[in-house]
Amino acid sequence: MTMRRIILTAIGTGAIAGLALSGCQRKDDQGPTELTGRIFVFNYRVASATYMITLKKIAPIPDGTTAVAEFENPAGGDPLVIHEKIYSFWDKITLESPDLRCVRKDRPYSVSIKLVDASDKTLQTIKTEVKSDLDQTVLPTKPLVVGPAYTANPDVFREDGSTNYGKDAACPA
């Protein structure tokens with residue numbers, strides 16, 4: 001191999017490596033986080049369902065940043081909104097909705113998240129959808145346990161040995 005061919009091969013290899021690495025760079029419009037998870041959490045013990053969204057920090061987050069998350073309300077009506085203070089040292093951010101009713105299997109529910117800094121300037125907007133692989137009818141409408149010691153709920157487990165898990169008839173079809 002001639003010296004000229006070696007130099008041209010090295011230049012070509014360097015150019016290809018440079019192009020490949022530039023594809024790995026973070027885009028300026030991406031924001032300081034990326035979406036890493038979105039699920040519904042069903043807790044049968046306390047008869048609750050919630051959205052849970054996780055974000056991973058990929059760039060610095062300024063002090064005083066807040067996440068404003070709007071979750072579609074499966075029962076209908078206005079979206080459920082939370083405001084969560086984000087700390088700059090967090091590497092993972094978890095956002096959880098208030099308790100839900102009427103979650104339906106395989107139906108997409110929309111979620112919108114805005115990260116805003118201390119001066120209310122939007123740093124990032126994330127829009128996504130969450131689907132459940134379960135219908136909320138698998139949950140009782142009354143908590144199975146009450147109190148810090150997980151005492152059996154007397155409204156569910158009655159003294160005569162019968163049970164009443166309840167049914168939520170107010171959900172839209």
Side-chain angles (χ1 to χ4, degrees), residues 25-148 150-151 153 155-156 163-173:
Q25 296 298 315
R26 191 174 76 82
K27 295 181 175 97
D28 289 337
D29 62 343
Q30 185 175 353
T33 67
E34 70 180 2
L35 181 68
T36 55
R38 56 185 189 258
I39 62 171
F40 282 100
V41 176
F42 291 90
N43 186 332
Y44 69 93
R45 287 184 180 173
V46 294
S48 72
T50 58
Y51 288 96
M52 185 173 289
I53 307 294
T54 56
L55 306 173
K56 176 183 170 186
K57 182 172 82 169
I58 57 174
I61 296 175
D63 287 333
T65 298
T66 301
V68 180
E70 289 188 8
F71 302 96
E72 182 178 349
N73 188 345
D78 294 335
L80 305 167
V81 180
I82 64 163
H83 296 264
E84 182 80 29
K85 182 172 172 60
I86 305 300
Y87 294 94
S88 58
F89 61 87
W90 284 356
D91 291 327
K92 180 179 141 187
I93 299 161
T94 303
L95 304 171
E96 190 169 8
S97 73
D99 286 349
L100 306 170
R101 290 182 40 252
C102 306
V103 175
R104 297 292 177 225
K105 179 180 179 177
D106 294 328
R107 184 195 180 284
Y109 295 97
S110 64
V111 177
S112 177
I113 303 163
K114 252 186 356 183
L115 295 182
V116 294
D117 66 12
S119 64
D120 211 29
K121 176 186 169 209
T122 300
L123 302 173
Q124 182 178 15
T125 301
I126 300 169
K127 293 187 183 298
T128 189
E129 290 183 336
V130 183
K131 280 187 189 178
S132 175
D133 57 355
L134 293 174
D135 199 84
Q136 194 165 349
T137 57
V138 301
L139 286 178
T141 57
K142 300 175 184 178
L144 301 180
V145 295
V146 292
Y150 290 105
T151 305
N153 185 346
D155 290 339
V156 175
T163 58
N164 177 13
Y165 297 109
K167 291 291 178 207
D168 195 351
C171 291

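All values reported here derive from a predicted model rather than from experimental measurement. Position 1 is the first residue of the sequence; numbering continues from there. As a basis for the values below, the full set of heavy atoms in this structure was taken, side chains included, without hydrogen atoms, waters or symmetry mates.
- Under the 3.5 Å distance criterion, the side-chain polar atoms of Q136 are matched with a main-chain donor or acceptor of L100.
- Residue K56 holds its NZ atom at 5.5 Å from CD of E34, rounded to the nearest 0.5 Å.
- In this structure the side chain of I53 reaches within 4.5 angstrom of the side chain of V130, judged on heavy atoms.
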Derivation of the side chain to side chain donor-acceptor pair (under 3.5 Å) call for T36 and T54:
CA-CA 6 Å; T36 55; T54 56; 3.0 Å; yes
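- For T163, there are no side chain to side chain donor-acceptor pair (under 3.5 Å) partners two or more places apart in sequence or in a different chain.
- Between the side chain of D135 and the backbone N or O of K105, at least one donor-acceptor pair lies under 3.5 Å.
- Looking only at distances, a side-chain donor or acceptor of K57 sits under 3.5 Å from a matching main-chain atom of S88.
- Shown here is K142, whose NZ atom has more than 12 heavy atoms of other residues, nucleotides or ligands within 6.0 Å.
- A donor-acceptor contact shorter than 3.5 Å is absent between the side chain of N73 and the backbone of L80.
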How far apart are the C-alpha atoms of N153 and V145, what are their side-chain angles, what is the distance that settles it, and do they pass the side chain to side chain contact (heavy atoms under 4.5 Å, CB included) test?
CA-CA 5 Å; N153 185 346; V145 295; 6.0 Å; no
Test log, rule side chain to side chain contact (heavy atoms under 4.5 Å, CB included), inputs T65 and V116
CA-CA 6 Å; T65 298; V116 294; over 6 Å; no
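- R38 forms no cation-pi arrangement with Y51, by the criterion of a distance under 6.0 Å to the ring centre and an angle within 45° of the ring axis.
- Proximity of V81 to F71: side-chain heavy atoms (C-beta onward) are nowhere separated by under 4.5 Å.
- Pairing each heavy atom of L139 with each of A47, the nearest pair is CD1-C, 4.3 Å.
- Panel note: side chain Y109, backbone R104; a donor-acceptor pair is recorded below 3.5 Å.
- Using a 4.5 Å heavy-atom threshold, the side chains of I58 and P32 count as separate.
- Sparse packing is recorded around NZ of K121, with 12 or fewer heavy atoms of other residues, nucleotides or ligands lying under 6.0 Å away.
- The residues K127 and E70 are annotated as not salt-bridged, no charged nitrogen and carboxylate oxygen being separated by less than 4.0 angstrom.
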Worked check of side chain to side chain contact (heavy atoms under 4.5 Å, CB included) between I61 and I93
CA-CA 11 Å; I61 296 175; I93 299 161; 4.0 Å; yes
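- Taking the side chain as every heavy atom from C-beta outward, I126 and L55 approach each other to under 4.5 Å.
- Going from atom OG of S48 over to atom CD of E96 covers 8.0 Å, rounded to the nearest 0.5 Å.
- Between L144 and Y44, some side-chain heavy-atom pair lies under the 4.5 Å cut-off.
- L115 places a side-chain heavy atom less than 4.5 Å from the side chain of T33.
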Side chain to side chain donor-acceptor pair (under 3.5 Å) between E129 and S110, intermediate numbers included
CA-CA 4 Å; E129 290 183 336; S110 64; over 6 Å; no
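- No side-chain donor-acceptor contact under 3.5 Å links T122 to the backbone of Q124.
- Here the side chains of P140 and V156 are not in contact, with every heavy-atom distance at 4.5 Å or above.
- T66 is not listed as a side-chain neighbour of I86, based on a closest heavy-atom distance of 4.5 Å or more.
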The test is side chain to side chain contact (heavy atoms under 4.5 Å, CB included); show your working for I113 and V68 and say whether it passes.
CA-CA 6 Å; I113 303 163; V68 180; over 6 Å; no
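- Below 30°, between 30° and 60°, or above 60°: for F42 and F40 the angle between ring planes is between 30° and 60°, a tilted geometry.
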